[in-house]
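Here the structure comes first, spelled out in structure tokens, and everything after it is commentary.
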Amino acid sequence: MRSHTSKQHGFLAVLVLIFGAVFFLMLVAFMGFVINQSQVQEMKKHEEQALAIAEAGLSYYKWYLAHNPNDLTNGTGEEGPYIKEYEDSEGDVVGEYSLSVSGTNLCGDITSIEIESTGIVDGEPDSTRTVYARYMRPTVAEYAYIINANVWAGPDRTIIGPYHSNGVIRMDGTNNSIVSSGQEDWECDGSIPCDPDDEGDIVDAVYGDGTGSDLWVFPQPPISFTGITVDLATMQDKAQNGGGLYIAPSGHYGYRVRFNSDGTVSLFDVDSTYNYYGYTTEGGWQYERHVIEDDDPVGTYDIPDDCAVLFVEDKVWLEGTVNGRVTIVAADLDSTGVNPSIILNDNITYANEDSGLLAVAENDVLLGLVVPDDMTVNGIFVAQNGRFGRNHYAANRLPSECVEWFWFWCVNYDTLFEEYIYRDTLTVNGTIVSNGRVGSKWSSGGTFISGFDTRYNSYDRDLVSNPPPLTPDTSDSYEFIEWREVE
């Protein structure tokens with residue numbers, strides 16, 4: 001009996017030991033989990049503190065640049081990194097940030113500033129976070145359109161990106177972003193279409209039958225065309241003395257400029273053009289010479305890497321495939337009353353995603369008469385004193401040639417370029433800046449009579465963050481256009 005009781009006591013002791021060991025292991029594991037979670041939470045806390053400190057570094061240098069534009073040395077005149085202590089709200093030093101600052105320099109000007117800020121928590125050298133930001137003044141590339149006149153966007157228009165006019169806007173097209181006017185309202189005078197019953201009435205500065213009316217905003221501060229006007233003299237100086245490419249007057253009608261996909265540009269001297277009539281709202285029917293009859297090669301040139309600016313002191317017919325970020329200007333600052341235009345003569349495309357174009361004309365930027373049925377142009381197009389668009393053409397106003405002679409008399413003529421009066425689609429990827437009213441489709445009594453039947457416009461997001469040299473700013477203040485954490 002005594003032996004049986006001893007066995008039971010021994011068995012119970014074994015069970016107590018086993019359950020005690022299990023409980024102890026569970027307790028140890030639980031305590032380890034609690035301690036580990038506490039350490040993880042503490043590490044997370046330090047990492048978040050490091051991130052906040054790193055972001056404070058970016059804010060500091062933004063403030064510094066507002067008072068010291070283009071200073072990349074934090075006032076030291078020496079290369080970084082620059083380390084500054086970070087204090088909490090009570091004035092205690094809780095860490096520091098280390099700043100590395102660099103800039104993108106084109107044609108001798110800083111176009112953007114890159115800042116890398118690393119936040120470090122006191123006593124926790126392993127808990128660091130690094131953030132990168134790109135900092136620059138906003139440019140016209142942020143818009144699909146900037147117009148300094150009243151404008152009408154018809155129902156066939158699709159516009160992707162902000163659309164702004166300092167005048168009033170009739171918006172019958174499709175917009176997916178803000179449509180803004182610098183005015184509040186307008187007395188409908190018929191200069192752009194309004195409902196017949198509204199003529200003489202006061203209407204909103206943005207009106208029409210478009211589907212995106214929730215995004216119509218007015219009045220907004222006007223965008224100063226004086227402020228965004230390109231300094232043509234500066235551009236000419238950059239081309240002549242700052243490493244760019246300067247092209248002197250041709251002595252004829254101007255130059256055909258063809259961008260090549262290998263990063264070069266070819267020039268052709270236009271020594272003969274067709275003479276015919278084109279119509280504009282401002283000037284009515286008038287002679288124009290926008291179709292080339294003959295041109296002669298001048299040469300092919302490398303586009304400079306450090307200052308990709310071409311200044312042509314003459315009229316330009318533009319076409320080709322752009323490789324890299326390039327700026328071309330057509331202007332004559334020496335001849336009184338001579339204001340060259342740019343004729344978009346054919347498709348303008350990009351060789352790769354790192355390419356971009358700024359085309360500035362002292363007068364107009366016009367789509368030519370003899371152009372593809374489905375035309376694509378990429379770039380930022382600035383009509384400094386004129387307008388962006390396509391003139392109206394009619395068969396009886398175009399040039400003709402004799403196709404049948406009888407002795408010394410021509411008895412049958414053929415109209416040239418009649419098939420180009422009507423074009424199908426125009427796609428613009430980039431930005432249009434026009435001092436005058438824009439338009440590339442002409443209608444009469446609701447009937448399409450010339451130009452492009454359908455138009456698509458989209459701003460180019462890549463040009464917002466990396467525009468071509470000397471792209472006009474819309475503000476003097478720097479802004480962050482890119483922010484990301486560096487792993």
Side-chain angles (χ1 to χ4, degrees), residues 250-258 266-298 312 314-320 330 340-349 359 361 363-377 381 383 386-428 438-445 447-455:
S250 66
H252 295 111
Y253 293 101
Y255 295 96
R256 179 165 64 93
V257 178
R258 186 186 69 213
S266 297
L267 265 63
F268 302 83
D269 182 353
V270 178
D271 54 16
S272 179
T273 63
Y274 289 95
N275 192 7
Y276 54 93
Y277 281 97
Y279 179 89
T280 68
T281 302
E282 298 79 10
W285 289 103
Q286 53 194 318
Y287 279 114
E288 67 175 52
R289 292 179 172 272
H290 298 337
V291 177
I292 298 172
E293 186 173 14
D294 183 67
D295 58 21
D296 299 316
V298 175
V312 182
D314 215 328
K315 182 177 177 179
V316 167
W317 283 261
L318 193 61
E319 60 190 52
S341 295
I342 291 177
I343 308 302
L344 304 181
N345 198 52
D346 203 339
N347 292 325
I348 300 174
T349 58
N363 193 30
D364 296 326
V365 177
L366 297 177
L367 299 148
L369 169 59
V370 181
V371 294
D373 194 38
D374 296 300
M375 187 173 184
T376 297
V377 292
F381 301 98
R387 51 181 275 272
F388 179 97
R390 190 180 197 243
N391 294 340
H392 166 50
Y393 301 107
N396 61 349
R397 302 276 185 163
L398 294 178
S400 59
E401 65 179 359
C402 184
V403 294
E404 185 178 354
W405 290 85
F406 179 76
W407 291 88
F408 302 104
W409 296 275
C410 182
V411 295
N412 190 10
Y413 289 91
D414 187 18
T415 300
L416 298 177
F417 316 127
E418 184 175 2
E419 69 271 26
Y420 292 98
I421 293 175
Y422 299 92
R423 302 285 80 187
D424 192 5
T425 62
L426 172 66
T427 301
V428 180
V438 301
S440 54
K441 179 177 182 177
W442 294 83
S443 300
S444 177
T447 301
F448 172 41
I449 58 173
S450 75
F452 289 91
D453 190 23
T454 303
R455 285 80 48 84

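Both backbone and side-chain heavy atoms feed into the values below; hydrogens, waters and symmetry mates do not.
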Worksheet entry | side-chain contact (heavy atoms from CB on, under 4.5 Å) partner of Arg390, the single match among Leu369, Leu344, Leu426 | Leu369
Worksheet item: Between Asp314 (side chain) and Ser250 (backbone), is there a donor-acceptor pair under 3.5 Å?
Response: yes
Item to complete: Might you point out which heavy atoms bring Cys402 and Glu404 nearest each other, and give the distance in Å?
Response: SG-O, 3.2 Å
Fill in: Donor-acceptor contact present, side-chain Asp373 to main-chain Asp424, <3.5 Å
yes
Worksheet item: After noting the C-alpha distance and the side-chain angles of Phe417 and Val291, does the key distance pass the side chain to side chain contact (heavy atoms under 4.5 Å, CB included) rule?
Response: CA-CA 9 Å; Phe417 316 127; Val291 177; 3.7 Å; yes
Worksheet item: Roughly how far, to the nearest 0.5 Å, is the CH2 atom of Trp442 from the OH atom of Tyr393?
Response: 10.0 Å
Worksheet item: Checking side-chain hydrogen bond (donor to acceptor under 3.5 Å, both in side chains) for the pair Arg455/Ser440: CA distance, chi angles, key distance, verdict?
Response: CA-CA 8 Å; Arg455 285 80 48 84; Ser440 54; 3.1 Å; yes
Fill in: Donor-acceptor contact present, side-chain Trp317 to main-chain His290, <3.5 Å
yes
Worksheet item: Taking Ser400 for the side chain and Thr415 for the main chain, is one N or O donor matched with an acceptor at less than 3.5 Å?
Response: no
Discussion item. Rounded to the nearest 0.5 Å, what separates atom OH in Tyr255 from atom CG in Leu318?
Written reply: 15.0 Å
Worksheet item: Is there side-chain contact between Tyr413 and Glu401, with heavy atoms separated by less than 4.5 Å?
Response: no
Discussion item. For His392 together with Trp285, are the ring centres under 6.0 Å from each other?
Written reply: yes
Item to complete: In sequence, state the C-alpha distance, the side-chain angles, and the governing distance for Glu319 and Asn347, and then conclude on side-chain hydrogen bond (donor to acceptor under 3.5 Å, both in side chains).
Response: CA-CA 6 Å; Glu319 60 190 52; Asn347 292 325; over 6 Å; no
Discussion item. Is the positively charged end of Arg423 above the ring of Phe452, judged by distance under 6.0 angstrom from the centroid and angle within 45° of the axis?
Written reply: no
Practice prompt. Cation-pi check, Lys441 to Phe448: give yes when NZ or CZ is under 6.0 Å from the six-membered ring centre and within 45° of the ring axis, no otherwise.
Written response: yes
Item to complete: For Ala330 and Val316, work out which heavy atoms get closest and say how close.
Response: CB-CG2, 3.9 Å
Worksheet item: Is there a donor-acceptor pair under 3.5 Å between the side chain of Thr280 and the backbone N or O of Gly283?
Response: yes
Discussion item. In the structure I gave you, are the side-chain heavy atoms of Val298 and Phe268 within less than 4.5 Å of one another anywhere?
Written reply: no
Fill in: Separation between CG of Asp269 and CG of Asp294, rounded to the nearest 0.5 Å
9.5 Å
Discussion item. Taking the ring of Tyr277 and the ring of Tyr287, is the distance between their centroids below 6.0 Å?
Written reply: yes
Fill in: Under 3.5 Å donor-acceptor, Arg387 side chain and Val365 backbone
no
Worksheet item: Roughly how far, to the nearest 0.5 Å, is the CG atom of Leu416 from the OH atom of Tyr274?
Response: 6.0 Å
Worksheet item: Once you round to the nearest 0.5 Å, how far does NZ of Lys315 lie from CD1 of Ile343?
Response: 5.0 Å
Worksheet item: Does a side-chain heavy-atom distance below 4.5 Å link Tyr276 with Arg397?
Response: no
Worksheet, complete the sentence: Minimal heavy-atom distance between Ala395 and Glu418, with the atoms involved, is CB-OE2, 3.6 Å
Worksheet entry | Spatial distance of atom CG (Leu366) from atom CG (Asn363) [nearest 0.5 Å] | 8.0 Å
Practice prompt. Could you tell me which non-hydrogen atom of Asn345 sits nearest to which non-hydrogen atom of Arg256, and how far apart they are?
Written response: ND2-CD, 3.9 Å
Discussion item. Taking the side chain as everything from C-beta on, heavy atoms only, tell me whether Ile421 gets closer than 4.5 Å to Leu398.
Written reply: yes
